[in-house]
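Step one of this worksheet: look at the structure below.
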Amino acid sequence: MSVSLRDVTVRRRGKTILGPLSIDLDAAGFSIVLGPNGAGKTTFLKILHGVERVTDGTAEWSVSAEEARQAQAYVFQSPIMLRRSVGQNLAYPLQLLGMDKADVAKRVLDWAGRIGLSDALERPAPRLSGGERQKLALGRALIRSPKVLFLDEPCANLDGRSTREIETLLLAAQRDGTRIIMTTHDLGQARRLASDIVFLLNGQVHERAPASEFFTTPKTVEAKAFMEGDIVE
């Protein structure tokens with residue numbers, strides 16, 4: 001399930017937040033979106049996910065809008081927990097699909113194990129630690145096997161162990177066929193995970209390249225400066 005953005009622009013109160021930009025994203029891969037604060041990374045994800053209105057241009061998937069919406073999942077930097085147990089949080093997206101109760105229970109147990117929360121199924125989700133909440137949010141997103149997963153800085157506030165656990169889950173999801181598009185400020189994480197890099201600057205796609213090429217031979221001065229930790233404006 002691929003997507004094409006053509007001359008997309010987002011404006012708010014007369015200010016251009018994103019664009020104009022055009023880009024094609026294939027149906028497979030692990031794309032990491034990089035760029036300084038204010039570059040438009042979150043808005044870019046929301047445009048792709050269909051929750052941000054486009055001022056100009058088009059964003060079109062290779063399937064119908066309804067099919068694309070059903071095939072996607074989104075994990076926020078600060079995950080939103082339903083005021084229910086861990087098990088009920090995992091079950092919720094499957095219940096929305098009308099899945100049989102026995103199948104729901106089986107899949108919930110499986111995913112609770114994958115995210116390391118098998119012993120916490122009855123615990124209220126809002127009482128989990130930050131790392132546990134993020135793993136639950138990821139499990140809740142992946143439990144229905146989406147074709148595309150969007151993540152906005154999913155490890156920004158996590159310790160090393162939780163970050164490693166999240167990355168392991170993401171790489172497994174990609175191997176199982178989920179296409180991943182994710183923002184991060186962590187260049188080490190980008191090197192570990194990315195198949196390709198989208199580098200945004202001032203709301204535009206400043207550079208796009210396979211990850212190995214981007215990190216070894218960036219084409220622009222700005223991309224090189226960003227990787228060296230310099231302030232890029």
query = With sequence neighbours excluded, what pairs up with Asp119 under the side-chain contact (heavy atoms from CB on, under 4.5 Å) test?
reply = none
Residues that Asn202 engages under side-chain hydrogen bond (donor to acceptor under 3.5 Å, both in side chains), provided they are two or more places apart = none
key: Short side-chain to backbone donor-acceptor contact, Thr178 and Val148, under 3.5 Å   = no
Name every donor-acceptor pair, under 3.5 Å, that has one atom in a side chain of residues 150-159 and the other anywhere in the protein, sequence neighbours excluded.
unit_1, atom_1, unit_2, atom_2, d
Asp152, OD1, Thr42, OG1, 3.4
Asp152, OD1, Thr183, OG1, 2.7
Asp152, OD2, Thr42, OG1, 2.8
Glu153, OE1, His185, N, 3.3
Glu153, OE2, His185, N, 3.0
Glu153, OE2, His185, ND1, 2.5
Asp159, OD1, Arg161, N, 3.4
Asp159, OD1, Ser162, N, 2.8
Asp159, OD1, Ser162, OG, 3.0

query = For the side chain of Gln134 and the backbone of Gly130, is there at least one donor-acceptor N/O pair under 3.5 Å apart?
reply = no
ask   = Can you tell me how far the CG atom of Leu34 sits from the CD1 atom of Ile197, to the nearest 0.5 Å?
value = 4.5 Å
ask   = Between Asp26 and Arg179, does at least one N-O distance fall below 4.0 Å, as a salt bridge requires?
value = no
query = So do the side chains of Asp24 and Val3 get within less than 4.5 Å of each other, counting heavy atoms only?
reply = no
request  = Check whether Leu21 and Val232 end up in the same hydrophobic cluster, where Ile, Leu, Val, Met, Phe, Trp and Tyr are linked by side-chain heavy atoms less than 4.5 Å apart.
outcome  = no
task = Look only at the side chain of Glu207 and the backbone of Thr220, and say whether a donor-acceptor pair between them is shorter than 3.5 Å.
result = yes
query = In Å and rounded to the nearest 0.5 Å, what is the CZ to CD1 distance from Arg107 to Ile143?
reply = 6.5 Å
ask   = Given Glu52 and Arg12, is the salt bridge (Lys or Arg N to Asp or Glu O under 4.0 Å) satisfied, shown in steps?
value = CA-CA 11 Å; Glu52 178 79 43; Arg12 298 177 190 152; 3.0 Å; yes
inquiry  = Quick check for you: to the nearest 0.5 Å, what is the distance between Gln95 atom CD and Asp100 atom CG?
reply    = 11.5 Å
task = Give, for atom CG of Leu48 and atom CG of Leu5, the distance between the pair rounded to the nearest 0.5 Å.
result = 5.0 Å
ask   = Do Thr16 side-chain atoms and Arg11 backbone N/O form a donor-acceptor pair below 3.5 Å?
value = no
task = Test Leu200 against His206 for side-chain contact (heavy atoms from CB on, under 4.5 Å), laying out the working first.
result = CA-CA 5 Å; Leu200 296 185; His206 192 73; over 6 Å; no
Side-chain heavy atoms of Leu138 within contact of Leu149, under 4.5 Å = yes
message = Tell me whether Glu60 is salt-bridged to Arg6, with the criterion being a basic N under 4.0 Å from an acidic carboxylate O.
response = no
request  = Assess whether side-chain contact (heavy atoms from CB on, under 4.5 Å) is satisfied between Leu45 and Ile181, documenting all intermediate values.
outcome  = CA-CA 8 Å; Leu45 287 192; Ile181 304 171; 3.7 Å; yes
task = Please indicate whether Arg127 has more than 12 foreign heavy atoms, meaning atoms of other residues, nucleotides or ligands, lying under 6.0 Å from its CZ.
result = no
key: Over 12 foreign heavy atoms within 6.0 Å of CG, Leu96   = yes
message = Please check: side-chain N/O of Asp196 versus main-chain N/O of Ala211, any donor-acceptor pairing under 3.5 Å?
response = no
Spacing of CZ belonging to Arg192 relative to CZ belonging to Arg164, to within rounding of 0.5 Å = 9.5 Å
query = Can you list the residues that meet the side-chain hydrogen bond (donor to acceptor under 3.5 Å, both in side chains) rule with Gln88, with sequence neighbours excluded?
reply = Ser85
query = Do Phe199 and Arg208 come within less than 4.5 Å of each other through their side chains, counting heavy atoms only?
reply = no
request  = Could you tell me which residues satisfy salt bridge (charged side-chain N to carboxylate O under 4.0 Å, His left out) with Glu66, sequence neighbours excluded, listed by chain and number?
outcome  = Arg69
ask   = Any donor-acceptor pair under 3.5 Å linking the side chain of Thr184 with the backbone of Ala190?
value = no
query = Do side-chain atoms of Trp111 reach the backbone of Leu136 as a donor and acceptor pair under 3.5 angstrom?
reply = no
inquiry  = According to side-chain hydrogen bond (donor to acceptor under 3.5 Å, both in side chains), who are the partners of Gln204, at least two apart in sequence or on a separate chain?
reply    = none
key: Student check: side-chain heavy atoms of Phe226 and Leu201 closer than 4.5 Å   = no
query = Can you tell me if OH on Tyr92 sees more than 12 non-hydrogen neighbours from other groups inside 6.0 Å?
reply = no
inquiry  = I'd like to know if the side chain of Arg133 and the backbone of Ile80 have a donor-acceptor N/O pair within less than 3.5 Å.
reply    = no
key: Check: Met182 and Val33 side chains under 4.5 Å, non-hydrogen atoms   = no
key: Salt-bridge present (Asp110, Lys106; N to O < 4.0 Å)   = no
